[in-house]
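Please read the structure below before turning to the comments.
Counting from 1, the numbers follow the sequence of the chain as shown.
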Amino acid sequence: MVKISPSILSADFAILGKELCALEEAKADYIHIDVMDGRFVPNITIGPFVVEAVHRVTTLPLDVHLMIEEPERYVKEFADAGASIITVHAEATKHLHKVLQDIRSAGVKAGVSINPGTPISFIKDIIGDIDLLLIMSVNPGFSGQSFIPASLEKIKEARALLDANGSKAELEVDGGIKTGNIKEAANAGADVFVSGSGIFSAGEYKKTILQMKVLAEGERV
């Protein structure tokens, strides 16, 4: 089942409540929340208080993506704020296995993400400890970037690794996903698609999300 996770990094924060309601009406599956600290990535975005506010407005699961150094310091705060999934970067912590355990102990699904320059082999030993694997198809930090074509091979590798280990983890892709390339990412094996500007710049959220789902589900090989 294909899922669409709109990234509110591209939303209009002046009317964020209305944006969230519109995404729920448009049949989005998750709300993707990019948390950046200005250290792991060259941008600063939001923290637990905003996640808590979003949680009060929507019933959709919150797909919280921590692009921060030492994410273990904030697992409890984001879990308490209402995160449904907490994804940390493999490159951002020295104790990845323990962080994933801490996330699950907090009653939240655990995800791990890798940057474009990080090989899939980097996370092969923790495949049994995740509920979601996120492949970055842009260098993290800013919305509106173009999809890196080499990411398709990495998605294929990730799908093969999950399948070889009998993992039921979702395979998510984040970065430059639009109606024009979502079917390629789906054919490569992804089943959850993060899209920021690809949805918010289109204006008609319901039409765009439906089109993305049709393309991703109808063009699989």
### Task
Under the side-chain hydrogen bond (donor to acceptor under 3.5 Å, both in side chains) rule, what do Thr45 and Asp34 come out as? Steps first, then yes or no, please.
CA-CA 7 Å; Thr45 54; Asp34 291 303; over 6 Å; no

#### Entry: Euclidean distance, Leu96 CG relative to Asp129 CG, rounded to 0.5 Å
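Reported to 0.5 Å precision, the distance equals 8.5 Å.
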
### Query
Out of curiosity, Glu170 CD to Ser5 OG, how far, rounded to the nearest 0.5 Å?
9.5 Å

Could you verify whether a donor N or O on one side chain and an acceptor N or O on the other, from [X] and [Y], lie under 3.5 Å apart?
X	Y	value
Asp63	His65	no
Glu70	Thr93	no
Glu19	Tyr205	yes
Gln211	Thr179	no

### Query
Is there a donor-acceptor pair under 3.5 Å between the side chain of Lys109 and the backbone N or O of Ile130?
no

### side-chain hydrogen bond (donor to acceptor under 3.5 Å, both in side chains) between Tyr30 and Glu172, intermediate numbers included
CA-CA 12 Å; Tyr30 294 150; Glu172 185 173 61; over 6 Å; no

Let me check something: any side-chain donor-acceptor pairs from residues 146-153 under 3.5 Å, sequence neighbours excluded? List them with distances.
unit_1	atom_1	unit_2	atom_2	d
Ser151	OG	Ile148	O	2.9
Glu153	OE2	Lys156	NZ	3.4

### Task
Tell me, yes or no, whether the heavy-atom count around Lys76 atom NZ, taken from other residues, nucleotides or ligands under 6.0 Å, exceeds 12.
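It does not: Lys76 NZ has 12 such atoms or fewer within range.
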
### CZ/Phe13: more than 12 non-hydrogen atoms of other groups inside 6.0 Å
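Counting other residues, nucleotides and ligands, CZ of Phe13 exceeds 12 neighbours.
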
### Task
Kindly indicate, with the supporting measurements, whether the criterion side-chain hydrogen bond (donor to acceptor under 3.5 Å, both in side chains) is fulfilled by Thr59 and Glu24.
CA-CA 8 Å; Thr59 61; Glu24 195 158 345; 2.4 Å; yes

### Query
Which class fits the ring pair Phe40 and His89: parallel under 30°, tilted 30 to 60°, perpendicular over 60°?
tilted

